[in-house]
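Chain A is the first sequence line, chain B the second, and so forth, proteins listed ahead of strands; every chain is numbered from 1.
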2 protein chains.
Amino acid sequence: MPYDPSAFPPFAVTVDLVVLTVRRHALCALVVRRGESPYQGRWALPGGFVRGDEDLEAAAARELTEETGLLTHTPEGHDAGAHLEQLATYGDPQRDPRMRVVSVAHLVLAPDLPSPTAGGDVRSARWAPVDTLSCPGDGLAWEGEQQVPLAFDHDRILLDGVERARSKIEYSSLATAFCPPEFTVGELRRVYEAVWGVVLDPRNFHRKVTGTPGFLVPTGGTTTRQGGRPAQLFRAGGATLLNPPMLRPEV
Amino acid sequence: MPYDPSAFPPFAVTVDLVVLTVRRHALCALVVRRGESPYQGRWALPGGFVRGDEDLEAAAARELTEETGLLTHTPEGHDAGAHLEQLATYGDPQRDPRMRVVSVAHLVLAPDLPSPTAGGDVRSARWAPVDTLSCPGDGLAWEGEQQVPLAFDHDRILLDGVERARSKIEYSSLATAFCPPEFTVGELRRVYEAVWGVVLDPRNFHRKVTGTPGFLVPTGGTTTRQGGRPAQLFRAGGATLLNPPMLRPEV
DNA sequence: AAAATAGTGTCTTTGAGACAGTATACT
DNA sequence: AGTATACTGTCTCAAAGACACTATTTT
């Protein structure tokens, strides 16, 4: 039972971020171009080392702000900002050729922002539709006309993050994290359609989502930014768990 | 952007295990008594350091075998053995007073075994009903007549593991991981009742569970080990995701 | 007027939950 | 016989999905 704190192997601990948003009816992830070896010039998930006195979630929030300018709200805080939660930890001994690196991946859900990569170089960071970044199973990313895999094991991390987001909007109100503070039922429906890659019946969706207690709170305002008849504006209600859940259509 | 692998703070990486089983109609967790400082003499979750060339899941499986003699099957392997999956990672800078330790917690679901702590000292490892280990919120464990908290942040990890198990048996066939290779519908129902802490209608449960495609496969045999009319024996079917899910009764 | 989006109502089917009743063992 | 467990059937209610219809805007 070698629980001796002075005789431990040397590890580096990083955080990697799966930052998702919905742009032009497509689920997109933030990727940055690597400037250094290994995987120089390849696209990768944003991330970096955890500092010696820093909590894991704080490190993730710091990296997010550094790379996107986005602020986060923890599960309790209800300020404007992105949703941040821990995703999973990846620690294959060979995942970084330089040394043993354990990466604690985090998932960020953000609304579509005017300046998505504020503070960053346009050519070194971009939103990429997730279905162009990885075809399930082969882990390749489109680069011009040819597919290049993401750096490290980031294709796997991205896939896990996307699947987490897809399943979590079923039974939680997290889909509102993809929306601006005030949004319409139609905008929320387009979030579900983009994340799940399906088409939903607008009428049943409307009835379902407005009938789920605590999900949506009307603000009183209306908007015609989508064209057509003016739509009522809502903001996210207090409920975090949806009961009954939104059901993802089969097959 | 200090992504310099030679200038990283020193971390130790451990795995901690939330090992759950159902014994005498109660959900129980494996706890071991600490022999060393800090928290000497207190109950803690089993775990240990990840080796320099070892994958996280391999480290968790190794610790499990060392402390319980249990073998695991990964999601793919269908051998007899316990279910193992990653739970979450805990990295508060103050969680271990000796040094910076990041712990990757894993969840293990095991059937009730004849020798639950084989290979270990009886006084240094035991199955404890989870509701005696922690009352939600205060993180205390019963020790004789007084409650003593688990070591480190293990009360939080245990709570997260229990909640994961409770929610996961809703929409997956994972409840069968608590059962022996062949089991009856009644035994499976008692697993749900113990994990959720509720009473389920035996008739509706039977209809539901036998009607869910891929959940249960009849083996042809019967048993009377529960008394009463002989019950048909089943083993776990190929389905991992249940559709429709088992619904946990409200409130 | 035509097209687009928003919102309501109605019907059918599925499934959850309550519960009556039968079957087969052990004591 | 009495009791315990296993299993089947029936009824009711809630909700999902399909879809007809109305409302209010822009072009």
Once you round it to whole Å, what is the distance between [atom2] of [N] and [atom1] of [X]?
X	N	atom1	atom2	answer
B:L233	D:dT5	CG	C1'	14 Å
A:F183	C:dT5	CZ	C1'	18 Å
A:R189	C:dG7	CZ	P	10 Å
A:L242	D:dA15	CG	P	14 Å
A:L188	C:dA6	CG	C1'	14 Å
B:F205	C:dA18	CZ	C1'	17 Å
B:L200	D:dT5	CG	P	15 Å
B:R248	C:dA16	CZ	P	16 Å

Within the 4.5 Å heavy-atom criterion, are B:E85 and B:L174 side-chain neighbours or not?
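Side-chain contact under 4.5 Å: yes.
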
Heavy-atom check, side chain of A:L20 versus side chain of A:F178, under 4.5 Å:
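With C-beta onward as the side chain, the pair touches.
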
Where the side chain of A:T65 meets the backbone of A:L70, is there a donor-acceptor pair that is under 3.5 Å apart?
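Side chain of A:T65 to backbone of A:L70: a pair is present.
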
State plainly whether the residues A:R156 and A:D160 are in salt-bridge range, i.e. N to O under 4.0 Å.
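Here A:R156 pairs with A:D160 in a salt bridge, since their nearest N and O are under 4.0 Å apart.
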
Are A:L233 and A:T222 close enough, and set up right, to give a side chain to side chain contact (heavy atoms under 4.5 Å, CB included), and what steps lead you there?
CA-CA 5 Å; A:L233 281 169; A:T222 59; 5.7 Å; no

By nearest nucleotide on DNA chain C, pick out whichever of B:L247 and B:P230 is the more 5' one.
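Closer to the 5' end of DNA chain C: B:L247.
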
Spacing of OH belonging to B:Y171 relative to OG1 belonging to B:T240, to within rounding of 0.5 Å
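So the OH of B:Y171 and the OG1 of B:T240 are separated by 11.0 Å.
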
Reading DNA chain D from 5' onward, which residue's closest nucleotide shows up sooner: B:V185 or A:P244?
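Its nucleotide being nearer the 5' end, the pick is B:V185.
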
For nucleotides 8-14 of chain D, just jot down a letter per nucleotide in 5' to 3' order: B, S or -, based on protein non-hydrogen atoms under 4.0 Å.
B-B----

Within 45 degrees of the axis of the six-membered ring of B:W127 and under 6.0 Å from its centre: does B:R24 put its NZ or CZ there?
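Pair B:R24/B:W127 does not count as cation-pi.
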
Interface residues of residues 213-229 of chain B with DNA chain D (non-hydrogen, below 4.0 angstrom):
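By residue number: B:Q226, B:G227, B:G228, B:R229.
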
Run the side chain to side chain donor-acceptor pair (under 3.5 Å) check on A:D16 and A:Y90 step by step: do they pass?
CA-CA 10 Å; A:D16 283 322; A:Y90 301 82; over 6 Å; no

Who passes salt bridge (charged side-chain N to carboxylate O under 4.0 Å, His left out) against A:E170, sequence neighbours left out?
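A:E170 satisfies salt bridge (charged side-chain N to carboxylate O under 4.0 Å, His left out) with A:R248 only.
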
